[in-house]
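Chain A is the first sequence line, chain B the second, and so forth, proteins listed ahead of strands; every chain is numbered from 1.
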Amino acid sequence: MPILRIAVAKPLRTTFDYLPPLDCDDASIAKLQPGTRIEVPFGRAQLVGILVNRAPESEVNQTKLKRATRIIDPISLLPKPLFELCLWASQYYAHPIGEVLTLAFPPLLRKGVETNAPHNAIKLTPEGRLAPQGILRSPKQAALIERLQRHEATRSALKAEGFSSSIIKALIDKGLAIPCRIEDSEFSPSESDPQPRLNSQQQFAVAQLSQHAGFKASLLYGITGSGKTEVYLQTIANTIASGAQAMVLVPEIALTPQTAARFQGRFGACVGVLHSGLTETQRAREWERARTGKLQVLLGTRSALFTPFQNLGLIVVDEEHDSAYKQQDGFRYHARDLAVKRAQIEQCPIILGSATPSLETISNVNIGRFEQYTLNTRAKAASLPSWQIIDVRQQSLEAGLSQTLIDACHHTLGKGEQALLFLNRRGFAHTLLCHDCGWVAECDNCDSRMVIHKRHNRLRCHHCQAQKPLPKTCPSCHSNHWQGVGYGTERAELALQSLFPHTPIHRIDSDTVGSASQLDHVLDAINANQTGCLILGTQMLAKGHDLAKVTLVGIVDTDALLFSSDFRAEERLGQLLTQVSGRSGRGDRPGTVMLQTHHPDAEIFHQVIHQDYRETASSLLHARHQTGLPPFGQIVMVHADSKDPSEAERFLNSARHTLTSSLPQNHVLIGPLPAPLSKRAGKFRYQLTWLAPHEKNLHRFVHSIADTLTRLPHKSELSWAIDIDPHDFL
DNA sequence: AGCACGCCGACT
DNA sequence: GTCGGCGTGCTC
Ligand SMILES: [Zn+2]
Ligand SMILES: [Zn+2]
């Protein structure tokens, strides 16, 4: 008796065997493809399961076998390559198969909804198309057939042409026509923006990237303003011309209406966008358009990676170094890495673009696994910015700004130009300190200090949801002599307003700019400014937004990154400095970057300033090589947290025991150690770090470890997770 | 993850 | 005597 092996969207690392539904004959069972959605009874619930494979018989006790309720999809909606990718990812990241496969479906379809969007149109059946003239006695019906011979049409269009719904129904009842769906976009083609001329580097890159049809991974290394996007656009145009589809991934923060408009302006209605603001129905609609080949370009963030395509011919991952591609909880996949895997499975080219590529990608270029194309001429800039390090030791600072930087701002504003101040900390001040006794406001649920937010007059924890009003008096000594320590963007904004009373100041952080479209708004206002303004912002500003009038960039404080315990801190600092400095000096004016620091001699600063990013990267890579850290080795991190102060540590200790016995000599286990943020949202956090040399079979190890961990006795309030290739140690 | 089964403390 | 605590194990 044939058996269906089905995965369900639960954190269970197995598939479940089911008997086929009763109304299903052997021939149709034999035709079922992996990825088919099948409704099954599971425990006491009815779930949408996903077929993983078929088997002649089951090892499960016959009496336990249940019968699947119904085959939802007559044919699988997941193309083979995508199914294969999910399987691979489930293995590699040791994540339950059902939870991975479910990501390949939009939320609407996970609930078992039929894929077919509501029918809004009519087309002829094969019989209808071949129907000889005069077979119908009704002239109206014959006219409709003739009309439909030319083209399928929407019901509303037909109604406008004088065909009533009873005529339509008559044809459908006779089996000559059937309802179908026509997407709005298919009948509204629009004018497309012209293709700008490319410089010779861009031309070369487009030619090389378009040449190859099979798998080929390429780094597009293009400094800020060198026109990476135009290379994507023209390569995509070639892909479309060859009849294939393209998938473009961008970091969440970069998926603004402006970005979408650039793609839509070029390719019109055949562009689909998957952004977080879509309703479930809209999301399902775009998914279906990609799957059935009705769109040629899909623009989306991390999760768009799992969209099915009819004929995928190109993948683009923009800002490939961005850590937003790594999912930080649940299924902790890295969309850039999986995108490369997908390109390999789909046998299509992939472009990874960045001005500051990740060390992983640079290393892949070095060993010849990836090609590299370079764009190093800025379209509108005379020269690269000049750097100045400001040693702030012993200097008196006003609002965290040195006099040198303040003077430079005045000078820039005096010329009617713009200055951008980069401060990677939001809120007012990062610590509330009692000046009389030294008491500091800490979060009750986390091992961290609460940040002062002046506008709401509250203390907020940036690691959990906790917040409370600012205390009037010190709980320890009842003094009211408070001091705010440190500068966040909110405080810097206030200080700047008194320092520059007549200058517009735009503050850009996640407290002032909640969505991508709001960001677009502020950026428009900045670009429209003619008389000079100050821009104050966090991380959000580092990305390649176009700020044409900025000639001065001030980096207020990045010293914290110099001492981070995280092994990627230096890489991130290098990328941040390079990206932020790229904001300076477009147009015909050269830019200046001023860096304030208490550590003017730090190696990384001088590397970034005096060397090309690639040289900085190669010395960072050298250090990684010495220590066996990625990309020269692999890290597996086992996290555990619990409300009980010692439970997580105890659990990881027993995890370590089971690991030690089965691990080869050259693998290293560190910990369990308290996480750098040792308490978060009321839970005590520990982690066990596992350093492994590169080997193909690591995922087998990890898989069996995950299995043993599941069986390890633990209190119900303890939760644990495995993070393959973790992005940081937090 | 949910959910049921099951075995010990403090209530009517 | 029972109501319910959550520890343990299962879901085809
Ligand atoms: Zn005090
Ligand atoms: Zn907190």
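Across all strands, A:Y18 comes closer than 4.0 Å only to sugar-phosphate atoms, never to a base (heavy-atom distances). Within the 4.0 angstrom heavy-atom criterion, base atoms lie near A:L12.
A salt bridge links A:D17 with A:R5; the closest basic N to acidic carboxylate O contact falls under 4.0 Å.
Taking the centre of each ring, A:F306 and A:Y333 come in below the 6.0 Å mark. Checked against the 6.0 Å centroid threshold, A:H727 and A:H334 count as a close aromatic pair.
Rounded to an integer number of Å, the gap from A:E39 CD to C:dC12 P is 14 Å. At whole-Å resolution of the value, CD in A:Q46 and P in B:dG2 are 17 Å apart. Rounded to whole angstrom, the span from the CZ atom of A:R54 across to the P atom of C:dC12 amounts to 22 Å. Rounding to whole angstrom units, CD of residue A:Q62 and P of C:dC12 are separated by 15 Å. Rounding to whole angstrom units, CG of residue A:L47 and P of B:dA1 are separated by 16 Å. Note: CG (A:L709) to P (B:dA1) measures 13 Å, nearest angstrom. Following rounding to the nearest Å, A:R13 (CZ) and C:dC10 (P) show an atom-to-atom distance of 17 Å. If you measure from atom CG of A:N61 to atom P of C:dC12, you get 13 Å, rounded to the nearest angstrom.
Residue A:E99 is the one, among A:R44 and A:E99, whose nearest nucleotide of DNA chain B lies closer to the 5' end (criterion: closest heavy atom).
More than 12 heavy atoms of other residues, nucleotides or ligands shown are found within 6.0 angstrom of CZ on A:R67.
Between the side chain of A:Q245 and the backbone N or O of A:N311 there is at least one donor-acceptor pair closer than 3.5 Å.
Contact check of residues 636-657 of chain A against DNA chain B (heavy atom, cut-off under 4.0 Å) returns no residues at all.
We find the CD1-CD1 distance between A:I351 and A:I315 to be 10.5 Å, quoted to the nearest 0.5 Å. To the nearest 0.5 angstrom, A:L663 atom CG is 5.5 Å from A:L669 atom CG.
Proximity note for A:K10 (side chain, C-beta onward) versus B:dA1, B:dA4, C:dC12: the nearest is B:dA1.
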